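Before any comments, here is the structure.
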Amino acid sequence: MMKKVITVLISLLMILSLTACGNSAGQTVQPSTEEKPAAGTVNSKEPAENTDTSEGQTNESENPENPDIPEEQGTKVLVAYFSATNTTQGIAEHIANGLNADIYEIVPEEPYTDADLNYNDNNSRTTIEMNDPDARPAITGSVEDMEQYDIVFIGYPIWWGEAPRIVSTFVESYDFSGKTIVPFCTSGGSGVGSSATNLEQFTDGADWLPGMRLNGSDSQDTVMEWVNGLGLDFGE
């Protein structure tokens with residue numbers, strides 16, 4: 001009897017063992033959650049293929065060189081002026097604006113004060129300077145590349161019948177050979193007198209036109225009527 005019981009138990013154990021093996025063999029393996037990207041997509045961890053085609057191409061904004069653009073031409077004009085009280089400055093600006101010219105202010109290293117400009121004081125700075133033909137007040141700054149200009153207007157107030165000595169400093173500081181110089185002045189009543197011809201002697205090889213006295217209150221139209229009547233070729 002005991003042997004039959006043992007035999008039955010062994011049989012049951014064998015059946016259970018075979019059933020467990022069958023279930024294990026039929027299970028499906030689950031895929032990893034870290035899947036590779038599908039074909040044709042870009043993995044954010046891996047850089048996409050460089051699609052920039054700018055290399056080797058020419059960008060017109062970065063390469064301004066253009067053989068079809070003509071070189072700059074025309075007459076170069078400079079309007080240089082000295083103006084202690086801003087009267088001559090206004091005329092100079094009218095000329096520069098009318099001709100689209102460059103403008104340069106002759107600025108003294110030591111500015112003139114009201115006391116300096118007192119012509120009733122025999123000891124004022126301007127009186128002393130104008131009584132000395134060799135006086136040459138210093139100028140601060142300079143004209144860059146004076147050589148480029150074809151026509152130079154030179155403006156100044158009339159002091160004691162002459163151009164201020166600082167204008168002589170300016171004229172002697174540059175080579176005006178081959179240039180046309182157009183002097184103009186402002187004053188309370190005096191004409192240009194010999195001021196322009198006296199400045200001319202400080203230059204060599206320049207073509208000086210007759211000087212012109214203008215009023216500080218003259219409009220641009222009035223000033224340009226004189227300029228256009230000079231018979232000069234200002235180009236385009």
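Small disclaimer: the values here were computed from a predicted structure and weren't measured.
Scanning both residues, Pro108 and Phe82, for their nearest heavy atoms gives CD-CE1, 4.1 Å. Between Pro137 and Ile166 the shortest heavy-atom distance is CD-N, 3.7 Å. For Asn123 against Asp121, the heavy-atom pair with the smallest separation is N-OD1, 2.8 Å. Shortest non-hydrogen contact noted between Thr140 and Glu109 is N-CG, 3.7 Å. When all heavy atoms of Ala163 and Ser195 are compared, the closest pair comes out as N-CB, 3.6 Å. The two atoms that bring Pro183 and Ala196 nearest to each other are CG-CB, 3.6 Å, heavy atoms only.
In this model, a donor atom of one side chain and an acceptor atom of the other lie less than 3.5 Å apart for Asn215 and Arg213. Tyr112 and Thr126 share no side-chain donor-acceptor pair at under 3.5 Å. In the model, Asp175 has a side-chain atom that pairs as donor or acceptor with a side-chain atom of Ser177 under 3.5 Å. Between Ser194 and Thr197, the side chains place no donor N or O within less than 3.5 Å of an acceptor N or O (distance only, hydrogens not considered).
Under the 4.5 Å side-chain contact rule for hydrophobic residues, Ile181 and Met212 do not share a cluster. Hydrophobic clustering (side-chain heavy atoms under 4.5 Å, transitive across Ile, Leu, Val, Met, Phe, Trp, Tyr) groups Met130 together with Ile154. Transitive grouping of hydrophobic side chains (ILVMFWY, heavy atoms separated by less than 4.5 Å) brings Leu78 and Phe176 into a common cluster. In the hydrophobic clustering of ILVMFWY residues, with side-chain heavy atoms under 4.5 Å counting as a link, Leu230 and Tyr81 come out together. Under the 4.5 Å side-chain heavy-atom criterion for grouping Ile, Leu, Val, Met, Phe, Trp and Tyr, Ile91 is connected to Val227 within one hydrophobic cluster.
Side-chain atoms of Thr180 never come within 3.5 Å of backbone atoms of Ile151 as a donor-acceptor pair (strictly under, hydrogens ignored). Panel note: side chain Thr75, backbone Asp233; a donor-acceptor pair is recorded below 3.5 Å. At least one donor-acceptor pair closer than 3.5 Å links the side chain of Lys179 to the backbone N or O of Glu147. Without hydrogens or angle criteria, Arg165 side chain to Ala135 main chain gives no donor-acceptor distance under 3.5 Å. Without hydrogens or angle criteria, Ser83 side chain to Thr87 main chain gives a donor-acceptor distance under 3.5 Å.
Remark: Gln89 CD to Ile103 CD1 distance equals 7.0 Å, nearest 0.5 Å. Of the inter-residue distances, the one linking Met224 atom CE with Thr222 atom OG1 reads 11.5 Å to the nearest 0.5 angstrom. Taking CD from Glu105 and CD from Glu93, the interatomic distance works out to 9.0 Å, rounded to the nearest 0.5 Å. Atom OH of Tyr156 and atom CD of Glu162 lie 8.5 Å apart (nearest 0.5 Å).
Looking at Tyr119 and Trp160, their side chains come closer than 4.5 Å, going by heavy atoms from C-beta outward.
The local environment of CG in Asp145 is crowded, with over 12 non-hydrogen atoms from other residues, nucleotides or ligands closer than 6.0 Å. By the neighbour-count criterion of 12 heavy atoms within 6.0 Å, atom CD of Gln201 is densely surrounded, having more than that number from other residues, nucleotides or ligands. No more than 12 heavy atoms of other residues, nucleotides or ligands shown are found within 6.0 angstrom of CG on Asp114.
Taking Thr113 as the reference, Asp116 meet the side-chain hydrogen bond (donor to acceptor under 3.5 Å, both in side chains) condition, with sequence neighbours excluded.
Using cut-offs of 30° and 60° on the angle between ring planes, the pair Phe234 and Phe153 is parallel.
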Checklist entry - For Tyr149 and Asp102, what are the C-alpha separation, side-chain angles and deciding distance, and is it a side chain to side chain contact (heavy atoms under 4.5 Å, CB included)? => result CA-CA 9 Å; Tyr149 297 106; Asp102 293 342; 2.6 Å; yes
Next on the checklist: Set out, in order, the CA-CA distance, both residues' side-chain angles and the distance that settles side chain to side chain contact (heavy atoms under 4.5 Å, CB included) for Val182 and Trp226, then state yes or no.
Outcome noted: CA-CA 11 Å; Val182 185; Trp226 163 66; 3.8 Å; yes
Checklist entry - Checking side chain to side chain contact (heavy atoms under 4.5 Å, CB included) for the pair Leu232/Leu209: CA distance, chi angles, key distance, verdict? => result CA-CA 10 Å; Leu232 296 174; Leu209 272 59; 4.1 Å; yes
Next on the checklist: Ser124 vs Leu117, test: side chain to side chain contact (heavy atoms under 4.5 Å, CB included). Steps then yes/no.
Outcome noted: CA-CA 7 Å; Ser124 70; Leu117 299 174; over 6 Å; no
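Of the residues listed (Asp221, Val223, Leu99), the one engaging His94 in a side-chain contact (heavy atoms from CB on, under 4.5 Å) is Val223, and it is the only one.
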